[in-house]
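Worksheet for the structure shown next.
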Amino acid sequence: MQKKFRIKPVGDQAALVVFEQKIEESVNTEVMELAARIERAGRQEIVETVPAFASLLVYYDPLRMDFAACAKFLEKLASKTGAGSGHMGKLVEIPVCYGGIYGEDLEYVAKHANMTPEEVIRIHSGREYRIYMLGFLPGFPYLGGMDERLVTPRLSSPRTKIPAGSVGIGGSQTGIYPVSSPGGWQLIGRTPVTLFSPGKGGTLPYEAGDRIRFVPISEEEYLKRSCTEKKAES
């Protein structure tokens, strides 16, 4: 049986397990299952795992393990991947105030999709999204599973500053900006929840493999929750 993965070195202290190069939940599930197997194995030589869409980066202690030993260990575990029941992370609900000053591109996304803004909100918030990976910014979740009707091109000229908590659409993906940064995604809403705070140790309410559901809220509710979040941080 032909292997569905390959292992290659990354520098002198990491190995990359590469699965089928396509963005699909079944492939990402293999990535997450391998990461879980590595964690359960409890090998102290393994420092950290970093999952992506279709690959898993594994850092090891070069003073206690070399690439050959790491590759052998990963080969054994990766060969079992796919035999499990499937990785199902926790569901995290993210409140979002859509449109207006919180999502200035909602009208454009609606026009591009030949819909009303209300229909875009209903469709966008009407399903669960799998977090395929975190990247670009601390805690930025790349979400899979967006309805194809909402696919919208990125901005031709990125904004220099996007507010923290902004929810956007970029091509066939949707995601959340945990911190203020430049960006080129179409902004459709914003959450009052502080997703990433260095002052609190940089903890996140989600991780790769979890699922996110967006919950529409009013501007009044947004302002109320935003005030609560600021008090909690002070």
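Side chains are part of it too, since the values below use all heavy atoms of this structure and drop only hydrogens, waters and symmetry mates.
Contact annotation: the side chain of R37 approaches that of R40 to within less than 4.5 Å [non-hydrogen atoms, C-beta and beyond]. Inter-residue side-chain proximity for V58 and V10 is flagged as unmet; no heavy-atom pair is nearer than 4.5 Å. Side-chain atoms of F5 and I7, non-hydrogen and from C-beta on, do get closer than 4.5 Å to each other. Proximity of I46 to M65: side-chain heavy atoms (C-beta onward) are separated by under 4.5 Å at one or more points. The shortest distance between side-chain heavy atoms of R130 and N28 falls below 4.5 Å.
Distance CG/L223 to OG/S218: 8.5 Å, rounded to 0.5 Å. Here OG1 of T29 is found 10.5 Å from CD of E24. Values are rounded to the nearest 0.5 Å. Between the CZ atom in F67 and the OH atom in Y60 there is a gap of 7.0 Å [rounded to 0.5 Å].
V151 and S172 get closest at one heavy-atom pair: CG2-CA, 3.8 Å. Of all heavy-atom pairs spanning P141 and L134, the tightest one is CA-CD2, 3.7 Å. Scanning all heavy atoms of the two residues, the minimum distance from S181 to L137 falls at OG-CD1, 3.1 Å. Looking at every heavy atom in both residues, G168 comes nearest to T174 through O-OG1, 2.8 Å. Contact record, G139 with L204: CA-CD1, 3.5 Å, taken as the closest heavy-atom pair. Contact between T191 and P95 at its shortest, heavy atoms only, is OG1-O, 2.7 Å.
Aromatic pair F140/W185: ring centres closer than 6.0 Å. With ring centers used as reference points, Y132 lies under 6.0 Å from F53.
With sequence neighbours left out, Y129 forms a ring pair (Phe, Tyr, Trp, His ring centres under 6.0 Å) with H124, F214. Checked against side chain to side chain contact (heavy atoms under 4.5 Å, CB included), E48 has the following partners two or more places apart in sequence or in another chain: V50, Y59. Under the side chain to side chain contact (heavy atoms under 4.5 Å, CB included) criterion, P163 pairs with S166, R190, not counting sequence neighbours. The salt bridge (Lys or Arg N to Asp or Glu O under 4.0 Å) check on E20 picks up K22, with sequence neighbours excluded. Scored by the ring pair (Phe, Tyr, Trp, His ring centres under 6.0 Å) test, Y108 finds no partners at all (sequence neighbours excluded). In this view, T49 satisfies the side-chain hydrogen bond (donor to acceptor under 3.5 Å, both in side chains) rule with no residue, not counting sequence neighbours. Shown here are the side-chain hydrogen bond (donor to acceptor under 3.5 Å, both in side chains) partners of E221, two or more places apart in sequence or in another chain: there are none. K8 pairs by the side chain to side chain contact (heavy atoms under 4.5 Å, CB included) definition with R6, L16, V18, not counting sequence neighbours. For the side chain to side chain contact (heavy atoms under 4.5 Å, CB included) test, residues two or more places apart in sequence or in another chain that qualify with I123 are M115, D147, R149, L150. Residues meeting the side-chain hydrogen bond (donor to acceptor under 3.5 Å, both in side chains) test with R43, sequence neighbours left out: E45.
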Item to complete: Show your reasoning for whether side chain to side chain donor-acceptor pair (under 3.5 Å) applies to E219 and Y102.
Response: CA-CA 9 Å; E219 182 176 23; Y102 307 103; 2.9 Å; yes

Discussion item. Please evaluate residues R211 and I131 with respect to the criterion side-chain contact (heavy atoms from CB on, under 4.5 Å), reporting the C-alpha separation (whole Å), side-chain torsions for both, the decisive distance (0.1 Å), and the verdict.
Written reply: CA-CA 6 Å; R211 293 161 294 136; I131 303 178; over 6 Å; no

Discussion item. Walk me through whether E128 and I212 qualify under side-chain contact (heavy atoms from CB on, under 4.5 Å).
Written reply: CA-CA 6 Å; E128 296 176 4; I212 282 180; over 6 Å; no

Discussion item. Using side-chain contact (heavy atoms from CB on, under 4.5 Å), reason through I176 and L195 one step at a time and then give a plain yes or no.
Written reply: CA-CA 9 Å; I176 316 167; L195 299 175; 3.4 Å; yes

Worksheet item: Where do V17 and L57 land on the side-chain contact (heavy atoms from CB on, under 4.5 Å) test, with the steps shown first?
Response: CA-CA 6 Å; V17 185; L57 183 62; over 6 Å; no

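V31 and V47 sit in two unconnected hydrophobic clusters of ILVMFWY residues. Membership requires side-chain heavy atoms under 4.5 Å apart, directly or through other members. L187 and I101 are not part of a single hydrophobic cluster, where members link through side-chain heavy atoms under 4.5 Å apart. Both F136 and I94 are part of a single hydrophobic cluster, where members link through side-chain heavy atoms under 4.5 Å apart. Connection of I23 to M133 is established within a shared hydrophobic cluster, with ILVMFWY side chains joined at heavy-atom distances below 4.5 Å, either directly or through further cluster members. No chain of hydrophobic side-chain contacts below 4.5 Å, direct or via other Ile, Leu, Val, Met, Phe, Trp or Tyr residues, connects I217 to L106.
Pairs of residues two or more places apart, or lying in two chains, never qualify as ring pair (Phe, Tyr, Trp, His ring centres under 6.0 Å) while including a residue from residues 26-51.
The main-chain N or O of F19 is found under 3.5 Å from a side-chain atom of Q21 such that the two form a donor-acceptor pair. Side-chain N or O atoms of S125 include none that pairs as donor or acceptor with a backbone N or O of V215 at under 3.5 Å. Between the side chain of T194 and the main chain of F196, no donor-acceptor pair closer than 3.5 Å is present. Listed for the Q173 side chain is no donor-acceptor partner under 3.5 Å among the backbone atoms of G170. Looking at D210, its side chain never comes within 3.5 Å of a backbone N or O of V92 through a donor-acceptor pair. A donor-acceptor contact shorter than 3.5 Å is absent between the side chain of T152 and the backbone of V109. Panel note: side chain S226, backbone Y222; no donor-acceptor pair is recorded below 3.5 Å.
Residue E148 qualifies as open at atom CD: its count of foreign heavy atoms under 6.0 Å is 12 or below.
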Let me check something: any side-chain donor-acceptor pairs from residues 153-162 under 3.5 Å, sequence neighbours excluded? List them with distances.
{"residue": "R159", "atom": "NH1", "partner": "D105", "partner atom": "OD2", "Å": "3.0"}
{"residue": "R159", "atom": "NH2", "partner": "E104", "partner atom": "OE1", "Å": "3.4"}
{"residue": "R159", "atom": "NH2", "partner": "D105", "partner atom": "OD1", "Å": "2.9"}
{"residue": "R159", "atom": "NH2", "partner": "D105", "partner atom": "OD2", "Å": "2.9"}

